[in-house]
Amino acid sequence: MQKTVLFLLFQLCAWTLAAQVNTDRVLAVGRNALYFEDYVLSIQYFNQVIRAKPWLAEPYFYRAVAKLNLDDFQGAEDDCALCLERNSFLSQAYYARGIARQSQGKYDAAIGDYQRGLELRPGDRSMLANRAIAYLQKKDYADAENAFGELIAAYPKLSLGYLTRGTMYLEKGDTALALNDYNKAIETDPYYAPCYGNRAIVFYQTNRLEEALADLNEAIRLNTREGGYYINRGLVRYQLNDLRGAMADYDQVISMDSRNLIARFNRGLLRFQVGDNNRAIEDFDVVIEMEPDNYMAYYNRALLNFEVGDYRGAVGDLDAVLNHYPEFLPGYYNRAEAKRKLNDGVGADRDYWTAIELEERKRKGLPATASAGQSPASASTRPAADEPADEEKTRERSDRDIDKFNRLVVYDREEEQKQQYQSEIRGRVQDRNVRIDLEPSFVLSYYEKNLPLGESVRYDKMIEAFNARMTVSWKILITNASQEAALTEEQIAAHFESINEYSARIEREPGNADYYFGRAMDFMLVQDFAEALHNFDKAIETDPSYTLAYFNRAVVRYKQIDYERSQSAYSEPNAISIHIGDGNKALASSPTGFPAREPREDRRLDENEFIIRDYDMVIRLHPGFVYSYYNRGNIHCAQRDYRAAILDYNEAILRNPEFAEAYFNRGLARLSSGDTNRGIADLSKAGELGIMNAYSIIKRMTAN
């Protein structure tokens, strides 16, 4: 790894010097990489600027933001300090350092940073919210309440203020005030799933199970991919004796995350309870693989192994339990029974009399007592469905009391709150100024993130034919921009080396369009869009029929527009908006359903025309390439030309009737043009094909 990093730095230095790239340009390319979530790559660019001009404040700030996204909180804190040494008036640097410190538990220091940031930018919503959460995390409830009051007074329509203050009241044990704030959060934003998810916790804790179930149903309707809602609903359904419903919820969580320990353990218990012993054993096998020290899972598996006649397996699991809990009385009774089944009478008697002795010591109140008071019969009985519906049926995940072996697992309250606060304070630190609700366009790349379960690899004959020619160094694939994978250090180094190799080839053979295309792909992947466009231009100039060059040139041009749009509203430090997470989400950010126009819009309209011309050329050269219609439709949507966009999505769907993204975007375009019924029908089809947030939008559009 060290050799790779050194090689990468050498390549970056060599390329920078050879091309005589100034630091402003390198900083801009680094910001591109940061914006498109290529954090490792962005750090390498910022390092170059810092080495060349260590007196500049901005590169330290941007590098800190990249480190925050990589969970390097101490490194981010240090970089913010270096930034502020050079320019003590960058409020965003105080905010970023506050996040870094808050993430490390340095709450007083974080609060100090937010206070200083608020002096420079009074009323900043994100800093007000983070300051309030920091007070809450340090258990300073009085100051937290005052801070939340200040936030809510400044932003009365922000559901997050009520939501987080409600969490504070719940943490203090005041369920009435917590419920009042959660009600207010829902009134403020009835389409934000956490409002319902949090209120369900209050209802559950006050034994209002039917209301908790209704809220969790609503939370799941609004966010179908949040596993925690299913786990909590499974618990509520279990308390309501709906074992089938609880099992279905745990099935759903495991289908989304096969290694979810809570869902696996709880489903194992439910399967045990209904007599599905072999499949219950499978669940506990996975739990033990993930947590080799989960002795409750060993004990439950031991009981199941006994039930199915695997007495040796039962003895092995009970050995593990009793080695860790040598005073667990039911373990000895059950191991005695298993050994007797194996005709080990001596061992069975020894365990039996050990249990009798432990029980007697407990009765007399002597030390070294057994931790349980259960009989062998009760220890081997499945959890009863008619037990009281209270906390005695659950345990927190970190609770290792072996007596609670047959209780459903719930999230640790402190850990759950920590994760919730962490999500809220960090958000997406380099968040884009404009959130586009359209499914993003497609791009030609060499890399793709791991595909979600059930999503197929994209296929196109033209791309397959191109790959068969072995024109470039890696196999090209077509992927949705949301699935573009950030490069590793090794991949970054490989692409800078590839740039050098293509440059040498072009010197020898300047008329080869493939070399320009290959170098353009490399520049695109290292986020240097200016050089990527120059090389795509050269490929097209050399070969005017180079279809893939037209396609990716259009993609890169739009990436530039997207990035510039995110910068236009900010002058400090001219780049990145930092705020607290998603907060309130409406269907769109303008009445038409797409972002409102901003400064420099006329210039972007001209650039959009160039992009459309490139897609026109792709369609002229290869009319079967479905992604060109889809991408062009997205550009028409950005121009608010919904009629043209719908026609393009029609063409894409005609060529691929399973094109989920095209249905989704056509649905939004139809909604924006007033065709509600057909828009909802398209969203329904998109949801059927796997785009889950389509259902959330349908819910919003059909709510009374």
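Note that the structure is predicted; figures quoted are calculated from it, not measured. Quick note: residue numbers are just sequence positions, from 1. Because only heavy atoms are used, hydrogens play no part in the values below, and waters and symmetry mates are left out as well, while side chains stay in.
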Which heavy atom of [X] sits nearest to which heavy atom of [Y], and what is that distance?
X	Y	result
Glu439	Tyr630	O-OH, 2.9 Å
Ile478	Leu444	CD1-CD2, 3.9 Å
Thr188	Lys157	CG2-O, 2.8 Å
Ala100	Ala76	CB-CB, 4.1 Å
Ile43	Ala66	CG1-CB, 3.6 Å
Asp72	Gly75	OD1-N, 3.0 Å

Begin from the C-alpha positions of Tyr627 and Ser441 and carry the test side chain to side chain donor-acceptor pair (under 3.5 Å) through to its verdict.
CA-CA 8 Å; Tyr627 305 102; Ser441 297; over 6 Å; no
Under the side-chain contact (heavy atoms from CB on, under 4.5 Å) criterion, do Arg670 and Asn677 qualify, and how do the steps go?
CA-CA 9 Å; Arg670 282 175 165 168; Asn677 291 335; over 6 Å; no
For Tyr298, enumerate each residue passing the ring pair (Phe, Tyr, Trp, His ring centres under 6.0 Å) test, keeping only those at least two apart in sequence or located in another chain.
Tyr295
Ring pair (Phe, Tyr, Trp, His ring centres under 6.0 Å) partners of Tyr446, counting only residues at least two apart
Trp474, His495
Take Val555 and Asn552, measure what side-chain contact (heavy atoms from CB on, under 4.5 Å) needs, and give me the verdict at the end.
CA-CA 5 Å; Val555 169; Asn552 251 24; 4.1 Å; yes
Using 0.5 Å steps for rounding, measure from the [atom1] atom of [X] to the [atom2] atom of [Y].
X	Y	atom1	atom2	value
Asn300	Ile281	CG	CD1	11.0 Å
Asp181	Ile186	CG	CD1	11.5 Å
Gln527	Leu34	CD	CG	10.0 Å
Asn260	Tyr250	CG	OH	10.0 Å
Gln205	Thr175	CD	OG1	8.0 Å
Gln74	Gln104	CD	CD	4.5 Å

Taking C-beta and beyond as the side chain, do [X] and [Y] meet within less than 4.5 Å on heavy atoms?
X	Y	value
Leu163	Tyr182	yes
Leu304	Val308	no
Asn650	Tyr629	no
Asp251	Ser255	no
Leu689	Lys685	yes
Leu671	Leu683	yes
Leu179	Arg208	yes
Leu209	Asn207	yes

Under the side-chain contact (heavy atoms from CB on, under 4.5 Å) rule, what do Val286 and Met290 come out as? Steps first, then yes or no, please.
CA-CA 6 Å; Val286 175; Met290 289 189 290; 3.8 Å; yes
Are the side chain of [X] and the backbone N or O of [Y] linked by a donor-acceptor pair below 3.5 Å?
X	Y	value
Asn665	Leu438	no
Asp38	Leu487	yes
Tyr230	Ala248	no
Arg237	Gly245	yes
Asp189	Ala185	no
Tyr196	Pro190	yes
Asp562	Tyr558	no
Thr164	Gly161	no
Arg666	Tyr649	no
Ser684	Ile680	no

Near-ring test Phe265/Phe284, centroid separation under 6.0 angstrom:
yes
Proximity of Phe442 and Phe659 rings by center, below 6.0 Å:
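Yes, ring centres under 6.0 Å apart.
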Before giving the answer on side-chain contact (heavy atoms from CB on, under 4.5 Å), spell out for Asn232 and Tyr204 the whole-Å C-alpha distance, their side-chain angles and the decisive distance to 0.1 Å.
CA-CA 9 Å; Asn232 289 345; Tyr204 176 78; over 6 Å; no
Hits for side-chain hydrogen bond (donor to acceptor under 3.5 Å, both in side chains) against Asp310, two or more places apart or cross-chain, chain-then-number order -> none
Taking NZ, NE, NH1 and NH2 as the nitrogens, is one of them in Lys184 or Glu187 under 4.0 Å from a carboxylate oxygen of the other?
yes
Salt bridge (charged side-chain N to carboxylate O under 4.0 Å, His left out) with Asp285: which of Arg264, Arg301, Arg259?
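It is Arg301, the one option of Arg264, Arg301, Arg259 that forms the salt bridge (charged side-chain N to carboxylate O under 4.0 Å, His left out) with Asp285.
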